[in-house]
2 protein chains.
Amino acid sequence: MAIFSKTCEYAIRAVLYVAHKTTTGNKVGIKDIAAGIDSPELYLAKILQDLSRKGLISSVKGPNGGFYINELSLSRPLSDIVEAVDGNGLFVGCALGLKQCSEVNPCPLHHQFKAIRDQIHAVLRTNTIGKFNEELVNGLLSLKK
Amino acid sequence: MAIFSKTCEYAIRAVLYVAHKTTTGNKVGIKDIAAGIDSPELYLAKILQDLSRKGLISSVKGPNGGFYINELSLSRPLSDIVEAVDGNGLFVGCALGLKQCSEVNPCPLHHQFKAIRDQIHAVLRTNTIGKFNEELVNGLLSLKK
DNA sequence: TCAATTAAAGATAAAAATGTCTTTTATTAT
DNA sequence: ATAATAAAAGACATTTTTATCTTTAATTGA
Ligand code: FES
Ligand code: FES
């Protein structure tokens, strides 16, 4: 098990790739994105269609079309992507799968995991989609392999 | 998405339940465990068979048989259960699904998530299976609902 | 207007995770 | 020995996740 679902991993990597490409050049096609983040093209298309419907990224059809991201979305936190794809279970759910995480009926890991959960949430809330563009341009960060 | 797979959630809850029952009374049957942690009985049976094969818990067949746990296993860390069921992906894998988490080819979340990952690992390594028995007896902690 | 391009949408498929059923084996008490 | 009990094992079923294929719709440029 990983922290995020495969779908969510692709989603985050793809959105960061689109952000990076948008700020340097222009729109970017699905084929380019899939190659850029090393993901199955047609599956990724589905994911991006979903994110597009939800307003996280934008797209236009036709020649010179493709995916891009607007200024406003660049400042949205990564948690928005995670919530859109995996829901908020990671942020509010019980570590051991109890129906309801609560102080009054805590599972054995409640106290220690609440802290970790909040930290995960904090990291994802405080990092914006646009935040990594510079380092992606510099090649200091990687989205594939 | 939750932190652990459903299978792993059941596994941890069940092992803690068996530990709790072993230290208070005696061996405990699969039916009792399933009811005690609110999980599908036959699925849980599979999981416990696996943990038994791997030596995390013990069992005996026949009348008055059931599952129990020995002193040694009581002192084992929860991370042993997680590794047995979900593997070590949570402890060593890349948050964004890159094939190899590394300092030289880090994903955008590498630095911040490495810290979190290590914390998760630390929590699971420092909490033993037997650690929660007292609070489980007191009813201060819950393994169901 | 037409052809080329590219994303959207819908249908299917494959794989993995989760859950159930049936038969077998070991153990115990009678 | 035999019957009852309870886990082990193996086969099967369902659901969810991941991935692919095909058709449609929108956009552009010639
Ligand atoms: S009750 Fe389990 S994490 Fe809160
Ligand atoms: S490279 Fe992604 S977490 Fe280390």
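Every chain is numbered from 1 and lettered A, B, ... according to where its sequence line falls, protein lines coming before strand lines.
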Output yes when at least one side-chain N/O atom of A:S59 is less than 4.0 Å from OP1 or OP2 of C:dA7, else no. no
Test side-chain hydrogen bond (donor to acceptor under 3.5 Å, both in side chains) applied to A:S5 - qualifying residues, sequence neighbours left out: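 Per chain and number, A:S5 pairs via side-chain hydrogen bond (donor to acceptor under 3.5 Å, both in side chains) with A:D86.
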Residues that A:K31 engages under side-chain hydrogen bond (donor to acceptor under 3.5 Å, both in side chains), provided they are two or more places apart: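 If we apply the side-chain hydrogen bond (donor to acceptor under 3.5 Å, both in side chains) test to A:K31, skipping adjacent residues, there are no hits.
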side-chain contact (heavy atoms from CB on, under 4.5 Å) evaluation trace for B:K144 with B:R13: CA-CA 8 Å; B:K144 62 185 289 193; B:R13 302 218 306 268; 5.5 Å; no
Interatomic distance where [atom1] belongs to [X] and [atom2] belongs to [N] [whole Å]:
X     : N      : atom1 : atom2 : answer
A:Y68 : C:dA7  : OH    : P     : 13 Å
B:E41 : C:dT22 : CD    : P     : 14 Å
A:F67 : C:dT6  : CZ    : C1'   : 9 Å
B:K6  : D:dT17 : NZ    : P     : 12 Å
B:L44 : C:dG19 : CG    : C1'   : 12 Å
B:I30 : C:dC21 : CD1   : C1'   : 15 Å
B:M1  : C:dA17 : CE    : C1'   : 12 Å
A:I47 : D:dT17 : CD1   : P     : 13 Å

Residue list, ring pair (Phe, Tyr, Trp, His ring centres under 6.0 Å) with B:H121, at least two apart or on another chain: B:F91
Does the side chain of B:S73 come under 3.5 Å of the side chain of B:N70 through a donor N or O and an acceptor N or O? yes
Position toward the 5' end of DNA chain D (nearest nucleotide), B:G29 or A:Y10: B:G29
Side-chain donor or acceptor of [X] paired with backbone N/O of [Y] under 3.5 Å:
X      : Y      : result
A:N127 : A:V123 : yes
A:N133 : A:H20  : yes
B:S52  : B:L48  : no

Sorted by number, the residues of residues 14-23 of chain A with heavy-atom contact under 4.0 Å to DNA chain D: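 Residues of residues 14-23 of chain A under 4.0 Å from DNA chain D: none.
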Expected list for residues 48-58 of chain A near DNA chain D, using heavy atoms below 4.0 Å, is none
Which nucleotides of nucleotides 21-30 of chain D have their base under 4.0 Å from a protein heavy atom (B), which only their sugar-phosphate (S), and which neither (-), written as one string 5' to 3'? B---BBBBS-
Is there a path of hydrophobic side-chain contacts, each under 4.5 Å between heavy atoms of I, L, V, M, F, W or Y residues, that connects B:L16 with A:L109? yes
Crowded around A:E41 CD? As in, over 12 foreign heavy atoms under 6.0 Å?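 Counting other residues, nucleotides and ligands, CD of A:E41 exceeds 12 neighbours.
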Heavy-atom closest pair (A:Y10 atom, A:P40 atom, distance to 0.1 Å) is OH-CD, 3.5 Å
